[in-house]
Amino acid sequence: METQQSIIKTPRRVDPAFSKEVKKRFGGETLTLCYQCGTCASSCPVAKITDRFNPRKLIKLTQLGARKEIISGEALWLCCSCYNCVERCPQGVEIADLIFTLRNIALEEGYIPTIYSEFIKALSKNGRLVEISRFMMKTREKYGLPELKPAGLDAIKRILESTTFDKVAEKVVEE
Ligand code: SF4
Ligand code: SF4
């Protein structure tokens, strides 16, 4: 079980409507089923290596309405979406989906970690998350690998549009 079942202090600023808002959204429906057993935290590979992330605490803070603290914080971006917690939760809480819901709210309100905004910029501009560097080209040549062609931006654009991710990308690229 979770090794550090620490007490969660009531957040200083709470938004009582936050929990209802999350519950209404796709992925957030199971929020109030959580009874804080800690099985998710003890199954989580991220929580094992850092105390900056704990799914049980994230859920409790969401239930309490710590809106600002959650959406402007880094914790919700540390989940690696492995779904271990979902497999083991005795209450059927869709923890990973809940975290995606929180990320969507954060994105809509303009909170995004720099690393992701850089990825979005690179994807929109080059069709790749990582630009093809001269070093990369030379190394591929050395190992007899074929030359990397620039990605098809039209296809990327269509995917971004069909997922409405282009709206997020526009905001980030404008910054
Ligand atoms: S395992 Fe499920 S019920 Fe237990 S703390 Fe995590 S989300 Fe809540
Ligand atoms: S899905 Fe996220 S919260 Fe759940 S165990 Fe994996 S990393 Fe932890």
Side-chain angles (χ1 to χ4, degrees), residues 1-124 128-130 156 159-160 162-169 171-172:
M1 296 299 285
E2 190 180 1
T3 49
Q4 289 181 321
Q5 188 94 354
S6 52
I7 295 162
I8 296 168
K9 290 186 200 143
T10 305
R12 263 180 290 169
R13 271 192 293 174
V14 294
D15 173 354
F18 187 51
S19 154
K20 279 192 192 148
E21 180 189 337
V22 173
K23 242 180 96 76
K24 269 195 220 147
R25 294 179 74 124
F26 179 74
E29 303 90 339
T30 55
L31 173 67
T32 45
L33 297 179
C34 171
Y35 57 20
Q36 291 289 291
C37 67
T39 306
C40 51
S42 59
S43 318
C44 175
V46 181
K48 273 194 177 59
I49 57 165
T50 177
D51 58 8
R52 285 151 58 213
F53 179 71
N54 180 315
R56 178 185 67 84
K57 284 186 191 168
L58 194 60
I59 288 170
K60 188 64 194 174
L61 287 172
T62 308
Q63 291 173 337
L64 290 172
R67 182 192 184 94
K68 184 79 195 253
E69 187 175 336
I70 293 169
I71 65 169
S72 64
E74 63 158 6
L76 73 159
W77 300 97
L78 297 178
C79 165
C80 66
S81 315
C82 67
Y83 284 76
N84 265 0
C85 52
V86 180
E87 292 289 333
R88 295 182 181 163
C89 173
Q91 283 292 90
V93 179
E94 297 289 343
I95 304 145
D97 291 351
L98 247 163
I99 293 173
F100 281 126
T101 305
L102 295 172
R103 286 178 182 174
N104 284 339
I105 297 173
L107 269 176
E108 285 164 16
E109 300 195 12
Y111 294 102
I112 181 166
T114 311
I115 185 156
Y116 290 116
S117 61
E118 290 305 316
F119 280 163
I120 293 170
K121 281 181 196 166
L123 189 67
S124 311
R128 288 180 182 276
L129 296 187
V130 179
I156 300 282
I159 294 170
L160 294 181
S162 64
T163 56
T164 67
F165 199 69
D166 58 327
K167 301 281 174 264
V168 177
K171 271 198 219 163
V172 171

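Just so you know, ligand 1 is whichever comes first in the structure, and atom 1 is the first atom listed for that ligand. In what follows, every heavy atom counts, from backbone to side chain, and hydrogens, waters and symmetry copies are set aside.
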So do the side chains of [X] and [Y] get within less than 4.5 Å of each other, counting heavy atoms only?
{"X": "Leu31", "Y": "Thr101", "result": "no"}
{"X": "Ser43", "Y": "Glu87", "result": "no"}
{"X": "Ile105", "Y": "Ile70", "result": "no"}

So if I count the atoms of ligand 1 from 1 in the order they appear, which ones are less than 4.0 Å from some heavy atom of [X]?
{"X": "Ile95", "answer": "7 (S)"}
{"X": "Gln36", "answer": "5 (S), 8 (Fe)"}
{"X": "Ile59", "answer": "7 (S)"}
{"X": "Thr39", "answer": "1 (S)"}

Checklist entry - Does any N, O or S atom of Cys37, backbone or side chain, fall under 2.8 Å from atom 2 (Fe) of ligand 1? => result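 False for Cys37.
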Next on the checklist: With respect to atom 2 (Fe) of ligand 2, please indicate if Cys79 possesses an N, O or S atom at a distance under 2.8 Å.
Outcome noted: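 Yes, since at least one N, O or S atom of Cys79 sits under 2.8 Å from atom 2 (Fe) of ligand 2.
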Item to check | Heteroatom test (N, O or S) for Cys40 near atom 6 (Fe) of ligand 1, limit 2.8 Å | outcome: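 Yes, Cys40 qualifies, because one of its backbone or side-chain N, O or S atoms lies under 2.8 Å.
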Atom pair [atom1] ([X]) and [atom2] ([Y]), whose distance is rounded to the nearest 0.5 Å:
{"X": "Cys89", "Y": "Leu33", "atom1": "SG", "atom2": "CG", "answer": "8.0 Å"}
{"X": "Leu61", "Y": "Ser19", "atom1": "CG", "atom2": "OG", "answer": "12.0 Å"}
{"X": "Cys85", "Y": "Glu94", "atom1": "SG", "atom2": "CD", "answer": "9.0 Å"}
{"X": "Thr30", "Y": "Leu98", "atom1": "OG1", "atom2": "CG", "answer": "5.0 Å"}

Heavy-atom nearest neighbour in the protein, as seen from [atom], with distance rounded to 0.1 Å:
{"atom": "atom 8 (Fe) of ligand 1", "result": "Cys34 SG, 2.4 Å"}
{"atom": "atom 4 (Fe) of ligand 2", "result": "Cys85 SG, 2.3 Å"}
{"atom": "atom 2 (Fe) of ligand 1", "result": "Cys89 SG, 2.3 Å"}
{"atom": "atom 6 (Fe) of ligand 2", "result": "Cys82 SG, 2.3 Å"}
{"atom": "atom 7 (S) of ligand 2", "result": "Cys80 N, 3.3 Å"}

Checklist entry - Of the options Phe119, Tyr116, Tyr111, Phe53, which is the one that meets Trp77 in a ring-ring contact (aromatic ring centres under 6.0 Å, His included)? => result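 Testing Trp77 for a ring-ring contact (aromatic ring centres under 6.0 Å, His included) against Phe119, Tyr116, Tyr111, Phe53 leaves exactly one candidate, Tyr116.
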Next on the checklist: Give the atom numbers and elements of ligand 2 that come within less than 4.0 Å of a heavy atom of Phe53.
Outcome noted: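 Within the 4.0 Å cut-off of Phe53, ligand 2 contributes 3 (S), 8 (Fe).
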Checklist entry - Which atoms of ligand 2 are found less than 4.0 Å from any heavy atom of Val46? => result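 Result: 7 (S).
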Checklist entry - Can you tell me if NZ on Lys48 sees more than 12 non-hydrogen neighbours from other groups inside 6.0 Å? => result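 More than 12 heavy atoms, drawn from other residues, nucleotides or ligands, come within 6.0 Å of this atom.
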Checklist entry - Would you say Tyr35 has more than 12 foreign heavy atoms packed within less than 6.0 Å of its OH? => result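 Atom OH in Tyr35 is packed in, count exceeds 12.
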Checklist entry - What part of Ala47, side chain, backbone, both or neither, has a heavy atom within less than 4.0 angstrom of ligand 2? => result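 The answer is neither; Ala47 stays 4.0 Å or more away.
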Checklist entry - When you look for heavy atoms under 4.0 Å from ligand 2, do you find them on the side chain of Tyr83, its backbone, both, or neither? => result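 Backbone only.
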